[in-house]
Amino acid sequence: MTKRLTEVAKKAGVSEATVSRVLNGRDGVSEATRTAVLTALDVLGYERPTKLRGERARLVGLVLPELQNPIFPALAEVVTGTLAQRGYTPALCARTIGGVSEMDYVEMLLDHQVSGVIFAGGSYALADARHDHYRRLTDRGLPVVLVNAGVDELGFPRVSTDDAVAVEQAYGHLRSLGHERIGMVLGPEGHVPSRRKLDAMIQAAGWGAADAECVERSSFSMEGARVAATKLVERGVTGIICASDVLALGTIRAARRLGRSVPADVSVVGFDDSAFMTCTDPPLTTVRQPIETMGQAAVDLLVTQIEGAGVLHDELLFEPELVVRGSTAPAPGR
């Protein structure tokens, strides 16, 4: 008990006596101090006293699929900073292979009486994944915001990059360079943002059934992309649009292993414009997601719900930007 008092007092920046008064429900403590103590208790993983458990903490969960892809740490930086400015304490939950699952994180966040949760790249984006844990959040009436497209039936507010515009920009760029045989490396079959990108490509390029061989699916890894892109290059594709920068880097590796040059033989376009894409060889042409604007919008939507000002169920679409670098060039022979 003494150790707990010491740790909570240090975290909240108050005396141990103040912590004791808050935990015992005594008077003489300001609301701001009381909130700071309870938040510190939550962040440190200590259970609140029974009589205080009915109140939600000013704690917000941010659940990410990984931290290896630079786009997710970039989003985390924006979201956590914006939450802190709004007076909330972020709790970062990043999944790992064989580690804590998204479902487990949801249970942990509920146990800590969080005020709300922001998800990015979760199983909500996979049509064939389990979504039971999201419905638990709905049943609890907990404010939730999703970053980028997910299955429609969940009904949560969404902040998304406009996938259709992203593909139109990438396809238009490759066509302007004279590429006629253009392919795509996308995420898994049930991945909703990848479905949107494919639908946009069908519209932009006028694809039919015969063009199915121009599309390959992959896990969001460089190894998976290398296998997928190898098939496209062997089929004579000279321009490849990828659903992420990580997939684009795997595609460049595949082309080189086949003895092709990027961009002289194969042009590659990524998606995200995550950190260090200017430092790759060649620097990556990619479609930039407006991560800063989207992260701030996600926090605004969540705080609006927390403060009881209503829920916007519409999806907010943000326009991406094509960033042309060295991984694209005129088609061979042009």
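Residue indices begin at 1 and follow the sequence shown.
Contact check on Glu213 versus Arg181 returns a salt bridge, with a Lys/Arg side-chain nitrogen under 4.0 Å from an Asp/Glu carboxylate oxygen. Under a 4.0 Å N-O distance rule, the pair Arg288/Asp273 qualifies as a salt bridge. Note on Asp132 versus Arg135: salt bridge recorded, some NZ/NE/NH1/NH2 to OD/OE distance being below 4.0 Å.
Closest approach of Phe220 to Pro188, counting heavy atoms only: CE1-CD, 3.8 Å. Nearest heavy atoms, Pro332 versus Ala264: CG-O, 3.6 Å. Here the shortest heavy-atom pairing between Ala228 and Ser218 reads CB-CB, 4.2 Å. In terms of heavy atoms, Val269 sits closest to Thr328 at CG2-CG2, 3.7 Å. Looking at every heavy atom in both residues, Pro65 comes nearest to Ala120 through CD-O, 2.9 Å. In plain terms, the two heavy atoms of Leu64 and Leu67 that are nearest each other are CD1-CD2, 3.8 Å.
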Side chain to side chain contact (heavy atoms under 4.5 Å, CB included) assessment of Leu41 paired with Leu23: CA-CA 10 Å; Leu41 200 72; Leu23 298 184; 3.9 Å; yes
Phe119 vs Phe156, ring pair (Phe, Tyr, Trp, His ring centres under 6.0 Å): CA-CA, chis, key distance, verdict: CA-CA 10 Å; Phe119 291 92; Phe156 294 131; 7.5 Å; no
Residue pair Val237, Val266: steps toward the side chain to side chain contact (heavy atoms under 4.5 Å, CB included) verdict: CA-CA 8 Å; Val237 168; Val266 179; over 6 Å; no
Worked verdict on Ser267 versus His179 for side-chain hydrogen bond (donor to acceptor under 3.5 Å, both in side chains): CA-CA 9 Å; Ser267 287; His179 292 274; 3.2 Å; yes
Candidate pair Asn69 and Asp272, rule side chain to side chain contact (heavy atoms under 4.5 Å, CB included), full reasoning: CA-CA 10 Å; Asn69 184 336; Asp272 282 340; 4.2 Å; yes
Glu216 vs Ile240, side chain to side chain contact (heavy atoms under 4.5 Å, CB included): CA-CA, chis, key distance, verdict: CA-CA 10 Å; Glu216 286 295 331; Ile240 301 177; over 6 Å; no
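Considering Arg158, Glu315, Gln289 in turn, Gln289 is the only one that fulfils the side chain to side chain donor-acceptor pair (under 3.5 Å) rule with Asn148.
Sorted by first and then second residue, the salt bridge (Lys or Arg N to Asp or Glu O under 4.0 Å) pairs with a member in residues 63-88 read Arg86-Asp300; sequence neighbours excluded.
Counting heavy atoms from C-beta on, the side chains of Thr161 and Phe271 come closer than 4.5 Å. Leu142 has its side chain within reach of Leu110: a pair of non-hydrogen atoms, C-beta onward, lies under 4.5 Å apart. Residues Thr6 and Glu16 form a side-chain contact, since some pair of their non-hydrogen atoms from C-beta on lies under 4.5 Å apart.
No more than 12 heavy atoms of other residues, nucleotides or ligands lie within 6.0 Å of CD in Glu292, so this atom counts as exposed by the packing criterion. Under a cut-off of 6.0 angstrom, the local environment of CZ in Arg235 is crowded, with over 12 non-hydrogen atoms contributed by other residues, nucleotides or ligands.
If you take CG on Leu44 and NE2 on His112, they are separated by 9.0 Å, rounding to the nearest 0.5 Å. Taking CE of Met201 as the reference point, atom CG of Leu198 lies at 9.0 Å (rounded to 0.5 Å).
One hydrophobic cluster, built from ILVMFWY side chains closer than 4.5 Å, holds both Leu284 and Val246.
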